[in-house]
S.K.: 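I am attaching a structure below and will ask some questions about it afterwards.
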Amino acid sequence: MKKNRTIRAWLAGMLFLAAFTVCLLVQRGNAKAVAIPEGSYTPTGSALTYTFTGASDDLNNGFVANVERYSSAAIVNGELKIPRTIQYSRNGEAPKNVRVAGILRGVFSGSTSLTKLVLPDSITYIGREAFANCSNLSSIQTYTDASGTNVFSPASGYLAAEEIEYHAFYGCTSLTGITLGEKVQGTGGVKTVQNEAFMNCSNLRSVEIGKTVSWIEGGAFANCSSLDGLTGGVKIRDNALFFVQNGILYYKESNRSNMLLLCPAGTQVGVLTQFPENVTQIRNEAFYGCRGLSSITIPNTVRSIGDKAFYDCIGLGNVTIPTSVTSIGADVFRNCSSGLCIICDGGSTAERYAITNNITRSVECTVKFYNTETRQTIEKKVMSGGTVDPPVGWERTGYVLRWTDDFNSSTIVTSNRTVSTVWKKLYTVTFRDRELNKESVVTGVEEGTEAAAPNWTRKGYRLTWSTENYKRVNTDLTVDAVWLVSMTEDPGQTDTSGYKKGDQVTIGNIVYKISGYNDKRVRVMSLADETVTNVTVPNSVTFGGRTYSVTCINANAFRNNKTIKKITLGTNLRSIEHNAFYNCPKLAKVVINSKKLVNVSNYAFKKTKASLKVYVPTRGLISTYRAALLDGGMNKKAKVVKKP
């Protein structure tokens, strides 16, 4: 029984101790709970009105005061001085000192009577538009009276508020210098400056960034037209987070990432191609109003370009944007020159941005040349619509170097592409006549092409060859002459002027060769002047007292002609031979008047324009002639239509 009473006493004691502890905790919590004053408050004799917010402070009130509005009496002879503390008393309470910590949104905005601003270093933030468009404000000082005596900042334009918000000093056109400094006494100072905080301060000539600053948004000093980075307008003091190079302010995010924050609007940059390593971002409004910028090549480490980055850069002519940029903000090039051109790669983010925003673009294409023997790759850049020379020094003895897709220095490049080496072996073709003991050796004949046969003649005979393999050579070759008795013509017979089969004659600008004497035929061999752009091959020509029909365009007649744009072919044409118009890159129009065309040989129209247009005499010949022209190497995109 005694034992039970002892246990009950012990439990009662424990319960009392627990209840006592709870009471102490509740009392302590209540002691910390502070009622924050509500509504506006104007201290006796003050021209400034405040509101209150909860915050810990050095006065242990649990709340601080913020300037909400003012009366004109607050500005005396142009000077506004914000007190460090105010005395607060309501409902008969004993007065208490309350620290002044902030200036709310738009309080002094548009005050033209304000010329000098004196701020206590107790201020932790200056709100949005707090002093916006105070156009006569020319001096800012920070002070402390914590020790009972006023101690002022060492320079005009000195701020120590932790946070300077959006448009806080927007359009303060009389400010000439700003120091983002630390408190006059003690620790702390400016930490962050938000976007456009000092925008359009047109007479601002110097900005000093102190050691407490941890972040400045890109547009903080946008369009400050007198601020020149190249003349020391932006200075860094004891702060490793920021640096200036070539007049431009950067933020060092990490060892592998630098942000471009500001190119002051008054900086005469000109052509900008040099940047520090590892620049990964161009921040919002970084070059806003920078009218001295004429050209910029953005480095290939940059990934993003912020909103309005080049807004109102009216002198900017061209911007080179690499493929590394995958994000481009809004209005980046708004109000720039109407002649602005974005230089970029095809299919890149920059090209899509240019198309969407109707900005002229010049697409830079990359051509990769790949050596199939050495596996070496060489890249060359060329603007879309231009040409590029293949690399040299890759030659091989006994071969001629060609490229896939027949690429050469005249090929128009319109997109990124890769071309590989194609080695065409060179062969020797020997033409010989055992009867006449003649021999003609043709060296350096490219694989797959035709060797030029000699034009030998014998009276009463017609020359043929023992094989036609010389027309498409794939090995060293010996070809023997075969003389056939002519049953229809005498190769040696001449007209009254002495012309005979095989003779060439120039009429107008065209060189002809007599290919048939009795049936009066000639073929087109070449042009006398290869610089002409428009050529007409007639139905017939007359010379030596005879009229000859023009029936054939000889092999290689117009090969590699870089100027011809249009050719009209006569009504007697029957054949267009090998390589006749091979690699005529400007040939855009062919008019065929003949209904007798029966042959278009290999490569006759190879490497002509994809936009080539061929006109034929009747609708019924379109499909027949198209098939023949395609066999002759015409591009599949070329059109064959009836002649108007």
Side-chain angles (χ1 to χ4, degrees), residues 193-199 207 209 215-224 227 229-230 233-234 236 241-337 340-345 348-354 356-357 359 361 364:
V193 182
Q194 292 187 5
N195 191 42
E196 300 183 0
F198 296 90
M199 185 178 188
V207 173
I209 300 170
W215 176 244
I216 299 173
E217 185 52 80
F221 295 91
N223 207 33
C224 294
L227 189 60
L230 291 175
V234 180
I236 313 297
L241 292 175
F242 301 88
F243 65 96
V244 175
Q245 181 171 313
N246 295 328
I248 298 175
L249 175 65
Y250 295 89
Y251 175 75
K252 190 173 183 179
E253 185 180 29
S254 69
N255 288 334
R256 297 183 178 181
S257 177
N258 295 314
M259 297 182 188
L260 193 158
L261 296 183
L262 172 69
C263 179
T267 308
Q268 297 302 308
V269 182
V271 177
L272 182 58
T273 59
Q274 299 297 319
F275 297 86
E277 293 182 353
N278 302 323
V279 177
T280 58
Q281 297 182 48
I282 296 177
R283 296 293 294 180
N284 298 345
E285 303 176 9
F287 290 86
Y288 194 119
C290 192
R291 302 186 175 192
L293 178 66
S294 60
S295 173
I296 180 171
T297 301
I298 296 172
N300 59 13
T301 54
V302 173
R303 299 190 300 268
S304 65
I305 302 173
D307 296 345
K308 299 182 181 179
F310 297 93
Y311 193 103
D312 205 29
C313 293
I314 60 174
L316 186 58
N318 59 73
V319 181
T320 301
I321 304 178
T323 55
S324 61
V325 174
T326 56
S327 174
I328 302 177
D331 296 327
V332 170
F333 300 102
R334 186 80 174 269
N335 288 359
C336 287
S337 165
L340 173 67
C341 178
I342 292 178
I343 301 171
C344 57
D345 283 8
S348 63
T349 298
E351 184 187 28
R352 291 191 294 272
Y353 186 90
T356 300
N357 292 276
I359 300 174
R361 68 191 188 282
E364 187 176 54

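Throughout, residue positions are numbered sequentially from 1 according to the sequence presented.
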S.K.: Closest approach of Ala265 and Cys224, non-hydrogen atoms and distance?
M.R.: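 Shortest heavy-atom separation between Ala265 and Cys224 comes out as CB-O, 3.6 Å.
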
S.K.: What class does the angle between the rings of Tyr251 and Trp215 fall in, given that below 30° is parallel, 30 to 60° is tilted and above 60° is perpendicular?
M.R.: perpendicular

S.K.: Atom CD1 of Ile314 and atom CG of Leu340: how far apart are they, to the nearest 0.5 Å?
M.R.: 13.0 Å

S.K.: Using 0.5 Å steps for rounding, measure from the CG atom of Leu249 to the CD1 atom of Ile209.
M.R.: 4.5 Å

S.K.: Hey, does Asn335 have a side-chain heavy atom less than 4.5 Å from the side chain of Tyr311?
M.R.: yes

S.K.: One pair to check against side-chain contact (heavy atoms from CB on, under 4.5 Å): Asp312 and Arg291. What are the steps and the verdict?
M.R.: CA-CA 7 Å; Asp312 205 29; Arg291 302 186 175 192; 3.0 Å; yes

S.K.: Please test Lys252 against Leu241 for side-chain contact (heavy atoms from CB on, under 4.5 Å), starting from the C-alpha separation and ending with a verdict.
M.R.: CA-CA 5 Å; Lys252 190 173 183 179; Leu241 292 175; 5.6 Å; no

S.K.: Are the side chain of Ser294 and the backbone of Gly315 linked by a donor-acceptor contact shorter than 3.5 Å?
M.R.: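 Looks like no, no N/O pair under 3.5 Å.
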
S.K.: Specify the closest pair of heavy atoms between Ser337 and Leu316, including all atoms of both residues, with the distance to one decimal.
M.R.: CB-O, 3.6 Å

S.K.: Between Arg283 and Ala309, which heavy-atom pair has the shortest distance, and what is it?
M.R.: O-CB, 4.0 Å

S.K.: Using side-chain heavy atoms (C-beta onward) and a distance below 4.5 Å, is Leu293 in contact with Phe310?
M.R.: yes

S.K.: Which atom pair, heavy atoms only, marks the closest approach of Pro264 to Val234?
M.R.: CG-CG2, 4.0 Å

S.K.: Donor-acceptor pair, distance only, cut-off 3.5 Å: does the side chain of Tyr353 make one with the backbone of Val332?
M.R.: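 Side chain of Tyr353 to backbone of Val332: a pair is present.
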
S.K.: Please identify which of these residues, Thr349, Thr297, Ile343, Ile298, meets the side chain to side chain contact (heavy atoms under 4.5 Å, CB included) condition with Pro322.
M.R.: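 Output: one option passes, namely Ile298.
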
S.K.: Determine the minimum heavy-atom distance between Gln281 and Glu253, stating which atoms define it.
M.R.: NE2-OE1, 4.2 Å

S.K.: If we only count heavy atoms from C-beta on, is the Glu351 to Ile342 side-chain gap below 4.5 Å?
M.R.: no

S.K.: Could you check Asn246 against Val269 for side-chain contact (heavy atoms from CB on, under 4.5 Å), going step by step and ending with a plain yes or no?
M.R.: CA-CA 8 Å; Asn246 295 328; Val269 182; over 6 Å; no

S.K.: Below 4.5 Å, heavy atoms only, C-beta onward: do Ile282 and Phe287 meet side chain to side chain?
M.R.: yes

S.K.: Verify, without hydrogens or angle tests, whether Asp331 (side chain) and Lys308 (backbone) share a donor-acceptor contact under 3.5 angstrom.
M.R.: no

S.K.: Drop me the distance from Tyr288's OH to Glu196's CD, to the nearest 0.5 angstrom.
M.R.: 7.0 Å

S.K.: Once rounded to the nearest 0.5 Å, what's the spacing between atom CD1 of Ile328 and atom OG of Ser348?
M.R.: 7.5 Å

S.K.: Once you round to the nearest 0.5 Å, how far does CD1 of Ile305 lie from OG of Ser327?
M.R.: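 Between atom CD1 of Ile305 and atom OG of Ser327 there are 8.5 Å.
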
S.K.: Mind checking whether Phe242 and Leu261 have side chains closer than 4.5 Å, heavy atoms only?
M.R.: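 Touching, per the 4.5 Å side-chain cut-off.
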
S.K.: Would a 4.5 Å heavy-atom cut-off, applied to side chains only, mark Ser257 and Asn278 as touching?
M.R.: no

S.K.: How long is the gap from SG on Cys290 to CD1 on Ile248, to the nearest 0.5 Å?
M.R.: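 Here the rounded value is 7.5 Å.
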
S.K.: Would you call Phe198 and Val207 a side-chain contact if the rule is heavy atoms closer than 4.5 Å?
M.R.: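 Of all side-chain heavy-atom pairs linking Val207 with Phe198, none is under 4.5 Å.
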
S.K.: So do the side chains of Phe275 and Ile296 get within less than 4.5 Å of each other, counting heavy atoms only?
M.R.: yes

S.K.: Whether the side chain of Thr301 engages the backbone of Thr280 through a donor-acceptor N/O pair (distance < 3.5 Å, no angle test) should be reported.
M.R.: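 No; zero donor-acceptor contacts below 3.5 Å.
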
S.K.: Could you pull out the closest heavy-atom pair between Leu227 and Gly233, with the gap in Å?
M.R.: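 In this case the closest contact between Leu227 and Gly233 is CD1-O, 3.6 Å.
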
S.K.: With a 3.5 Å distance limit and no angle check, can you tell me whether Ser324 reaches the backbone of Asn300 through a side-chain donor-acceptor pair?
M.R.: yes

S.K.: Measure from the side-chain N and O atoms of Asn284 to the backbone N and O of Asp307, and report whether any donor-acceptor pair falls under 3.5 Å.
M.R.: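 Yes; at least one donor-acceptor contact below 3.5 Å.
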
